[in-house]
Amino acid sequence: QVQLVESGGGLVQPGDSLRLSCAASGFTSHYYTIAWFRQAPGKEREGVSCITNSEGMTDYADSVKGRFTISRDNAKNTVYLQMNSLKPEDTAVYYCAATFFTQCNYVLTAEYDGMDYWGKGTLVTVSS
């Protein structure tokens, strides 16, 4: 059974850090581009970060550049999102998703509708 399972969310204070994990099972994730999206209550889904399959090229939304880092451990079939200097506006449900498409800057846009697999999400709440 193909699955993407996110973990690592939680309640943190502004300025804190979290590391989200996206564990793949039922398929070999390193053949895929993996992207993180988030959706806050009442807002549209937003592409956050992306990492391509073979070359591991990355891209980030402007709102998280310099604070978030995406990485992958192919041996563990897992992609990570290290989130530093968290802000209240980072509060959202974070989802990971997989696609064969390798143009990260397009995968993160609302126009791209080709993700093959989605996880169910993990909630990140940043509040004092």
Side-chain angles (χ1 to χ4, degrees):
Q1 182 181 3
V2 171
Q3 273 191 313
L4 286 172
V5 179
E6 303 93 338
S7 62
L11 172 62
V12 296
Q13 294 188 337
D16 285 351
S17 299
L18 278 176
R19 188 178 78 159
L20 304 184
S21 299
C22 172
S25 61
F27 71 105
T28 305
S29 65
H30 68 256
Y31 292 136
Y32 288 77
T33 291
I34 304 293
W36 286 95
F37 297 85
R38 67 186 181 186
Q39 188 162 22
K43 293 190 176 181
E44 297 287 320
R45 188 177 67 204
E46 174 189 19
V48 174
S49 184
C50 177
I51 185 166
T52 62
N53 45 14
S54 57
E55 295 184 354
M57 298 185 69
T58 60
D59 200 10
Y60 299 90
D62 287 342
S63 58
V64 307
K65 278 181 182 176
R67 300 188 298 123
F68 290 11
T69 304
I70 191 170
S71 62
R72 65 193 310 160
D73 184 337
N74 291 333
K76 295 183 178 180
N77 228 18
T78 299
V79 171
Y80 303 99
L81 185 67
Q82 178 66 43
M83 306 187 298
N84 298 330
S85 302
L86 283 162
K87 304 175 180 180
E89 51 264 43
D90 294 318
T91 295
V93 178
Y94 284 71
Y95 302 89
C96 64
T99 176
F100 271 127
F101 197 66
T102 59
Q103 300 299 315
C104 267
N105 57 349
Y106 184 52
V107 166
L108 294 179
T109 67
E111 287 74 26
Y112 183 70
D113 191 26
M115 305 309 291
D116 294 292
Y117 306 118
W118 286 89
K120 294 183 178 180
T122 186
L123 176 62
V124 173
T125 304
V126 185
S127 175
S128 54

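Note that the coordinates shown come from a computational prediction; the quantities given were computed from them, not determined experimentally.
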So if you build clusters from Ile, Leu, Val, Met, Phe, Trp, Tyr with side-chain heavy-atom gaps below 4.5 Å, do [X] and [Y] land together?
{"X": "V48", "Y": "L86", "value": "yes"}
{"X": "V79", "Y": "V5", "value": "no"}
{"X": "M115", "Y": "V2", "value": "no"}
{"X": "Y95", "Y": "L4", "value": "no"}

I'd like to check the side chain to side chain contact (heavy atoms under 4.5 Å, CB included) partners of A23; sequence neighbours left out, ordered by chain and number. T78
Under the side chain to side chain contact (heavy atoms under 4.5 Å, CB included) rule, collect the residues that match up with S25, sequence neighbours excluded. Q3
Listed by chain and number, what are the side chain to side chain donor-acceptor pair (under 3.5 Å) partners of [X], not counting sequence neighbours?
{"X": "R67", "answer": "D90"}
{"X": "D62", "answer": "K65"}
{"X": "E46", "answer": "R38, S63"}
{"X": "T125", "answer": "none"}

Report yes if some heavy atom in the side chain of V93 is under 4.5 Å from a heavy atom in the side chain of T122; otherwise report no. no
Using ring-ring contact (aromatic ring centres under 6.0 Å, His included) as the criterion, list what pairs up with F101, not counting sequence neighbours. Y106, Y112
Residue pair [X] / [Y]: nearest heavy atoms and the distance that separates them:
{"X": "L123", "Y": "A92", "value": "CD1-O, 3.6 Å"}
{"X": "G47", "Y": "A61", "value": "O-CB, 3.3 Å"}
{"X": "V124", "Y": "L20", "value": "CG2-CD2, 4.0 Å"}
{"X": "A98", "Y": "I34", "value": "CB-CD1, 3.6 Å"}

Atom pair OG/OH of S7 and Y94 - distance to nearest 0.5 Å: 15.0 Å
Enumerate the ring-ring contact (aromatic ring centres under 6.0 Å, His included) contacts for residues 32-62, please, sequence neighbours excluded, ordered by first and then second residue. F27-Y32, Y32-F100, Y32-Y117, F37-W118
Quick test of your reading: applying disulfide (SG to SG under 2.5 Å), list the pairs with at least one residue in residues 25-67, sequence neighbours left out, ordered by first then second residue. C50-C104
What pairs of residues pass the disulfide (SG to SG under 2.5 Å) test when at least one of them lies in residues 63-95, not counting sequence neighbours? none
Mark yes or no for whether [X], through its side chain, and [Y], through its backbone, hold a donor-acceptor pair below 3.5 Å.
{"X": "T99", "Y": "T33", "answer": "no"}
{"X": "Q39", "Y": "K43", "answer": "yes"}
{"X": "T52", "Y": "M57", "answer": "yes"}
{"X": "S127", "Y": "P88", "answer": "no"}

Passing option when L81 is tested against T69, I51, I70 for side chain to side chain contact (heavy atoms under 4.5 Å, CB included): I70
Summary of salt bridge (charged side-chain N to carboxylate O under 4.0 Å, His left out) pairs that have at least one residue in residues 69-80, sequence neighbours excluded: none
Side chain to side chain donor-acceptor pair (under 3.5 Å) contacts touching residues 12-24 (sequence neighbours left out): S17-N84
